[in-house]
Amino acid sequence: SCNLINSSSISSVNEFGIWGQTAYFTRKCNLFLEHIHLTPLEESEREEWIGEVHFMRAFYNFLSLRVYGPIPKYDKALNISADFKQIERASFDEIVEFIVEDCDKAISSLPSRREFNYYGRATAAAAYALKSRVLLYAASPLYNGNPAYASVKSTSGKPLFSDYSK
């Protein structure tokens, strides 16, 4: 699966269940953010963990955005009794803004580098890199004013892509 992501070869045929995976982990991130205040951690450690989770939520949303385009904006954990039929996709611009906000929160809470025994954990540098990639996608002609997407709307009729041709 990492090879598919790294080679940009994800398609509807070989997407390896990314929708379920990212939705699952996004919910875990939201649960963490809703309950972290209940833990007896020191404030500095708590803030770093919160930054890591904002980075991970941004990363999972970016993976979904790359594969599916506009996705629902999950900024809180949904209860099992939620009416999932009422959940609509947010616009592309709304999701980009949400991801960038999470990256900014991560940047302000994370160290720029890690000691060797903490390699693999999120850093401010990784959050900056993710933010730049998200903004690069948003600025590309594929999404930014692409006339092929101008008529794409949610089930309620809300445009999912900006139409800059007007």
Side-chain angles (χ1 to χ4, degrees), residues 1-2 4-37 50-110 122 124 126-166:
S1 62
C2 290
L4 291 173
I5 293 171
N6 290 336
S7 66
S8 299
S9 299
I10 298 174
S11 72
S12 60
V13 175
N14 64 8
E15 49 82 25
F16 62 90
I18 195 169
W19 181 260
Q21 294 291 323
T22 56
Y24 173 79
F25 289 119
T26 298
R27 183 173 190 278
K28 293 286 188 186
C29 289
N30 287 331
L31 285 170
F32 177 92
L33 293 171
E34 290 171 15
H35 295 96
I36 184 64
H37 68 281
I50 289 170
E52 288 183 58
V53 171
H54 278 291
F55 171 79
M56 294 308 300
R57 185 170 70 176
F59 180 69
Y60 297 133
N61 279 314
F62 175 64
L63 290 178
S64 291
L65 184 69
R66 278 185 20 173
V67 175
Y68 300 106
I71 57 174
K73 178 181 168 184
Y74 296 116
D75 56 356
K76 61 184 187 294
L78 297 176
N79 193 318
I80 194 72
S81 62
D83 185 2
F84 290 91
K85 292 179 184 176
Q86 300 301 316
I87 299 172
E88 285 197 348
R89 292 179 175 209
S91 72
F92 183 84
D93 292 341
E94 290 170 331
I95 295 299
V96 167
E97 182 179 326
F98 184 55
I99 294 170
V100 167
E101 286 172 6
D102 269 347
C103 287
D104 287 340
K105 290 174 185 174
I107 289 164
S108 68
S109 300
L110 295 174
Y128 274 119
L130 178 59
K131 180 180 176 179
S132 68
R133 178 165 271 197
V134 169
L135 292 173
L136 180 67
Y137 272 66
S140 84
L142 179 62
Y143 299 110
N144 192 359
N146 185 340
Y149 295 143
S151 63
V152 177
K153 297 184 181 349
S154 69
T155 53
S156 68
K158 177 177 109 176
L160 295 178
F161 293 91
S162 297
D163 182 9
Y164 296 110
S165 64
K166 295 179 181 181

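Quick note: numbers below take in every heavy atom, side chains included, and nothing from hydrogens, waters or symmetry partners.
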Tell me, yes or no, whether the heavy-atom count around Lys76 atom NZ, taken from other residues, nucleotides or ligands under 6.0 Å, exceeds 12.
no

Can you tell if the side chain of Ile107 reaches within under 4.5 Å of the side chain of Tyr128, non-hydrogen atoms only?
yes

Are the side chain of Ser132 and the backbone of Ala129 linked by a donor-acceptor contact shorter than 3.5 Å?
yes

Is it true that a side-chain atom of Glu34 and a backbone atom of Ala77 form a donor plus acceptor pair closer than 3.5 Å?
yes

Gap between atom OH of Tyr149 and atom CG of Asn144 - 0.5 Å precision:
12.5 Å

Out of curiosity, Tyr60 OH to Ile71 CD1, how far, rounded to the nearest 0.5 Å?
13.5 Å

Just to verify, which of Thr22, Leu130, Ile99, Thr26 counts as forming a side chain to side chain contact (heavy atoms under 4.5 Å, CB included) with Phe59?
Leu130

Looking at side-chain heavy atoms only, is the closest gap between His54 and Ser109 below 4.5 Å?
no

Can you measure from CG (Leu65) to OH (Tyr143) and round to the nearest 0.5 angstrom?
6.0 Å

What's the spacing between Asp93 CG and Phe161 CZ if we round to 0.5 Å?
9.0 Å

Ignoring hydrogens, what is the shortest heavy-atom contact between His35 and Leu31? Give both atom names and the distance.
ND1-O, 2.9 Å

Ser108 side chain to Lys105 backbone, donor-acceptor under 3.5 Å
yes

Are the side chain of Asn30 and the backbone of Tyr74 linked by a donor-acceptor contact shorter than 3.5 Å?
yes

Are Phe92 and Ser162 close enough that some pair of their side-chain heavy atoms sits under 4.5 Å apart?
no

Inter-residue atom distance Glu97.CD - Leu135.CG, 0.5 Å rounding
11.0 Å

Closest non-hydrogen atoms of Pro159 and Ser91, given as atom of the first, atom of the second and distance, are O-CB, 3.8 Å

Between Gly51 and Ala106 the two heavy atoms that sit nearest each other are O-CB, 3.3 Å

Answer yes if the ring centres of Phe62 and Tyr137 are under 6.0 angstrom apart, and no otherwise.
yes

Run the side chain to side chain contact (heavy atoms under 4.5 Å, CB included) test on Ile87 and Leu78 for me, step by step, so that the C-alpha distance in whole Å, both residues' side-chain angles and the decisive distance to 0.1 Å come before the verdict.
CA-CA 10 Å; Ile87 299 172; Leu78 297 176; 3.3 Å; yes

Nearest heavy atoms of Pro70 and Ala90, plus distance in Å:
CB-O, 3.1 Å

Which residue, Lys158, Lys73, Arg89, forms the salt bridge (Lys or Arg N to Asp or Glu O under 4.0 Å) with Glu94?
Lys158

Looking at Arg57, is its backbone amide N or carbonyl O close enough to the side chain of Asn61 to form a donor-acceptor pair, meaning the two atoms are under 3.5 Å apart?
yes

When rounded to the nearest 0.5 Å, the distance separating CD1 of Ile50 from SG of Cys29 is 12.0 Å

On a heavy-atom basis, which atom in Ala122 and which in Phe55 lie closest, and how many Å separate them?
CB-CD2, 3.5 Å

Would you name the heavy atoms of Ala58 and Asp102 that are closest together and state the gap between them?
CB-CB, 3.7 Å

